[in-house]
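Heads up, the thing below is written out as structure tokens.
Every heavy atom of this structure was used, including side-chain atoms; hydrogens, water molecules and symmetry mates were not.
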Amino acid sequence: MRLGPIDLDRTLGCGQVFRWRKEGNVWKGILNGKELQLRQKRGSVVAEGGTDDEALERYFRSDDDLDRIRAEISRDERIASMVANAPGLRLIRQDPWECAASYVLATNANIPRIQKMIENVCRTFGDPLPGGGFAFPRPDQISGGNEAAKACGLGFRCDRFVEFARLVDRGEIGLETLRKADYEECVRELRSCPGIGDKVADCVAVFSLDHLDAFPVDVRIKKAMEEMYGVCGTYRSVNRFGREYFGRYAGYAQEYIYYSFQRIKRV
DNA sequence: AACCAGGTCTCGA
DNA sequence: TCGAGACCTGGT
């Protein structure tokens with residue numbers, strides 16, 4: 001199995017996925033409904049658990065030529081230094097449904113709270129797993145659970161979350177088919193779903209549907225883009241600049257910027 | 001104790 | 001198409 005180059009701490013801890021936890025030097029998570037433990041082994045990863053190598057390679061996008069991508073998005077010294085300072089940071093290929101549902105919950109909340117909401121949802125609706133964890137629930141497990149969802153602390157996201165699950169359950173949106181669509185069509189379709197606007201659509205596109213040219217703009221990226229390039233304004237204007245400036249791997253650029261700004265305190 | 005968080009929705013101009 | 005407000009809740 002070839003998973004390198006990869007840095008587990010950066011890749012799993014940068015905020016693109018919400019369910020992985022680090023205990024000691026072991027990352028614990030769930031992949032394809034199976035509990036899994038990952039350890040950093042130099043530039044690569046050692047896995048324990050019932051998941052096949054093929055699934056791991058797919059999940060960690062081992063088909064991406066990271067060196068090439070890092071070189072290609074290093075359009076100026078500023079982004080180049082961010083790339084240089086975060087070796088092994090990779091995008092992850094998430095499950096589209098889990099990704100979309102998670103980011104519907106991620107609106108206007110901080111990461112610790114997002115993680116809590118998602119765990120509540122998994123405990124409430126998901127299948128219990130042998131190791132004591134819970135799988136991320138399928139749409140049909142959520143679609144009838146309005147009352148149960150209200151006990152998950154989702155706030156105003158609750159109705160959107162359940163409505164979105166129903167939409168997917170009824171087959172009115174085919175997430176997987178959007179993988180083959182172009183970026184514009186992909187985000188247009190996603191945006192027609194309850195709880196999914198510009199930002200979430202871009203996240204789902206880049207984190208789960210292989211649209212690496214998507215460029216999600218959240219408040220942190222918005223600040224970063226203004227500081228780095230003097231770009232501000234509407235979502236569409238910042239998004240368009242990022243896509244044009246960084247090109248086909250704009251999504252990777254976005255993640256390196258997001259990661260680089262995570263610990264910076266504004267003075 | 002305020003302020004803010006990987007935004008979306010609605011409405012009016 | 002754009003800007004302004006409202007919006008649950010809990011971290012920091």
Side-chain angles (χ1 to χ4, degrees), chain A residues 10-21 82 86 89-92 94 96 98-121 124 146-167 173 184 187-209 211-212 214-228 231-243 250-267:
Chain A
R10 294 194 177 98
T11 299
L12 294 176
C14 67
Q16 58 177 324
V17 285
F18 300 110
R19 296 202 70 197
W20 288 90
R21 297 295 144 74
M82 290 178 171
L89 172 58
R90 306 187 76 95
L91 251 29
I92 287 176
Q94 302 181 38
E98 176 171 346
C99 181
S102 295
Y103 275 93
V104 166
L105 296 180
T107 61
N108 200 235
N110 55 30
I111 290 178
R113 187 177 174 204
I114 296 166
Q115 293 175 331
K116 179 175 286 185
M117 287 189 283
I118 292 175
E119 289 315 308
N120 288 344
V121 162
T124 303
N146 237 332
E147 293 309 311
K150 285 176 181 168
C152 291
L154 311 183
F156 62 79
R157 305 160 195 80
C158 187
D159 291 344
R160 301 170 183 178
F161 178 73
V162 175
E163 278 307 310
F164 178 56
R166 287 182 179 146
L167 195 72
I173 175 96
E184 298 292 349
V187 294
R188 186 174 352 108
E189 285 294 313
L190 289 170
R191 272 176 46 79
S192 72
C193 299
I196 299 184
D198 292 324
K199 155 66 168 56
V200 172
D202 275 323
C203 285
V204 176
V206 72
F207 294 143
S208 76
L209 292 172
H211 293 288
L212 299 184
F215 191 81
V217 180
D218 70 317
V219 291
R220 191 189 300 180
I221 293 295
K222 189 178 172 65
K223 286 175 188 169
M225 293 302 283
E226 179 160 17
E227 194 172 296
M228 294 170 71
V231 178
C232 56
T234 65
Y235 185 95
R236 278 149 206 268
S237 64
V238 180
N239 169 264
R240 177 156 32 83
F241 176 89
R243 284 168 45 73
Y252 264 96
Q254 179 271 162
E255 203 56 37
Y256 277 93
I257 295 170
Y258 186 85
Y259 177 82
S260 301
F261 269 68
Q262 67 182 332
R263 293 172 189 277
I264 295 179
K265 288 190 175 177
R266 330 217 117 267
V267 183

Take A/Lys116 and A/Glu119 through the salt bridge (Lys or Arg N to Asp or Glu O under 4.0 Å) test and state the conclusion after the steps.
CA-CA 5 Å; A/Lys116 179 175 286 185; A/Glu119 289 315 308; over 6 Å; no
Give the intermediate values and the outcome of salt bridge (Lys or Arg N to Asp or Glu O under 4.0 Å) for residues A/Glu163 and A/Arg160.
CA-CA 5 Å; A/Glu163 278 307 310; A/Arg160 301 170 183 178; over 6 Å; no
Output, in order, the C-alpha distance, side-chain angles, deciding distance and verdict of side-chain contact (heavy atoms from CB on, under 4.5 Å) for A/Leu91 and A/Phe207.
CA-CA 7 Å; A/Leu91 251 29; A/Phe207 294 143; 4.1 Å; yes
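The 5' end of DNA chain C is approached more closely, in terms of each residue's nearest nucleotide, by A/Arg236 than by the other of A/Asn108 and A/Arg236. Residue A/Phe18 is the one, among A/Phe18 and A/Arg191, whose nearest nucleotide of DNA chain B lies closer to the 5' end (criterion: closest heavy atom). Mapping A/Cys14 and A/Pro194 onto DNA chain B via the closest heavy atom, the residue that lands nearer the 5' end is A/Cys14. When the nearest nucleotides of DNA chain C are assigned to A/Lys116 and A/Thr107 by heavy-atom distance, the more 5′-ward of the two goes with A/Thr107.
If you take CG of A/Asn239 and C1' of C/dC2, they are 16 Å apart, rounded to a whole angstrom. In this structure, A/Ile114 places its CD1 atom 8 Å from C1' of B/dA5, rounding to the nearest Å. B/dC9 atom P lies 12 Å from atom CG of A/Asp159, rounded to whole Å. Look at CD1 on A/Ile221: it is 15 Å from C1' on B/dA5, rounded to the nearest Å. As rounded to whole Å, 13 Å separates atom P of B/dT8 from atom CG of A/Leu105. Distance A/Leu154 CG to B/dG7 P: 16 Å, rounded to the nearest Å. A/Gln262 has its CD atom 20 Å from the P atom of B/dC4, to the nearest Å. When the P atom of C/dG3 is taken as reference, atom CG of A/Asp198 falls 13 Å away, rounded to whole Å.
Nucleic acid contact for A/Ala106: sugar-phosphate only, since backbone atoms but no base atoms lie under 4.0 Å from a heavy atom of the residue. Backbone-only engagement by A/Ile111 is indicated by non-hydrogen atom pairs under 4.0 Å involving sugar-phosphate atoms exclusively. Heavy atoms of A/Tyr103 sit under 4.0 angstrom from at least one base atom. Across all strands shown, A/Val200 has heavy atoms under 4.0 Å from sugar-phosphate atoms exclusively, and none from any base. Base contact: A/Gly15 has a heavy atom under 4.0 Å from a base atom. As judged by a 4.0 angstrom heavy-atom cut-off over every strand, A/Phe164 is placed among residues making no nucleic acid contact. Residue-level contact check: A/Glu255 touches the bases, meaning some heavy atom is under 4.0 Å from a base atom. Residue-level contact check: A/Gly197 touches the backbone only, with heavy atoms under 4.0 Å from sugar-phosphate atoms and none from bases. Residue-level contact check: A/Arg160 touches the bases, meaning some heavy atom is under 4.0 Å from a base atom. When heavy atoms are screened at a 4.0 angstrom cut-off, A/Val217 is found touching no nucleic acid atom at all.
Taking CZ from A/Phe161 and CG from A/Asn146, the interatomic distance works out to 11.5 Å, rounded to the nearest 0.5 Å. One distance of note links CZ of A/Arg19 with OG of A/Ser102; it measures 8.5 Å at 0.5 Å rounding.
Between A/Thr107 and A/Lys199, the closest side-chain pair of non-hydrogen atoms is not below 4.5 Å.
Of the possible polar contacts, one joining the A/Arg157 side chain to the A/Asn108 backbone as a donor-acceptor pair under 3.5 Å is found. Checking side-chain atoms of A/Gln16 against main-chain N and O of A/Thr11 turns up a donor-acceptor pair under 3.5 Å. In this structure a side-chain-to-backbone donor-acceptor pair under 3.5 Å is missing from A/Tyr258 to A/Arg220.
Separation of the P atoms belonging to C/dG10 and B/dC9 is 22 Å when rounded to the nearest angstrom. For C/dA6 and B/dC3, the P atoms lie 15 Å apart once the distance is rounded to whole Å.
Close to B/dA5, at under 4.0 Å from its OP1 or OP2, lies no side-chain N or O of A/Lys199. Residue A/Lys150 places no side-chain N or O under 4.0 Å from the OP1 or OP2 atom of C/dC8.
For A/Thr234, counting side-chain heavy atoms from C-beta on, the closest listed nucleotide (C/dC2, C/dG10, C/dC7) is C/dC2.
Where pairing requires Watson-Crick or G-U contacts shorter than 3.5 Å, the helical stems of DNA chain C with at least three consecutive pairs are B:2-5 with C:9-12, B:7-13 with C:1-7.
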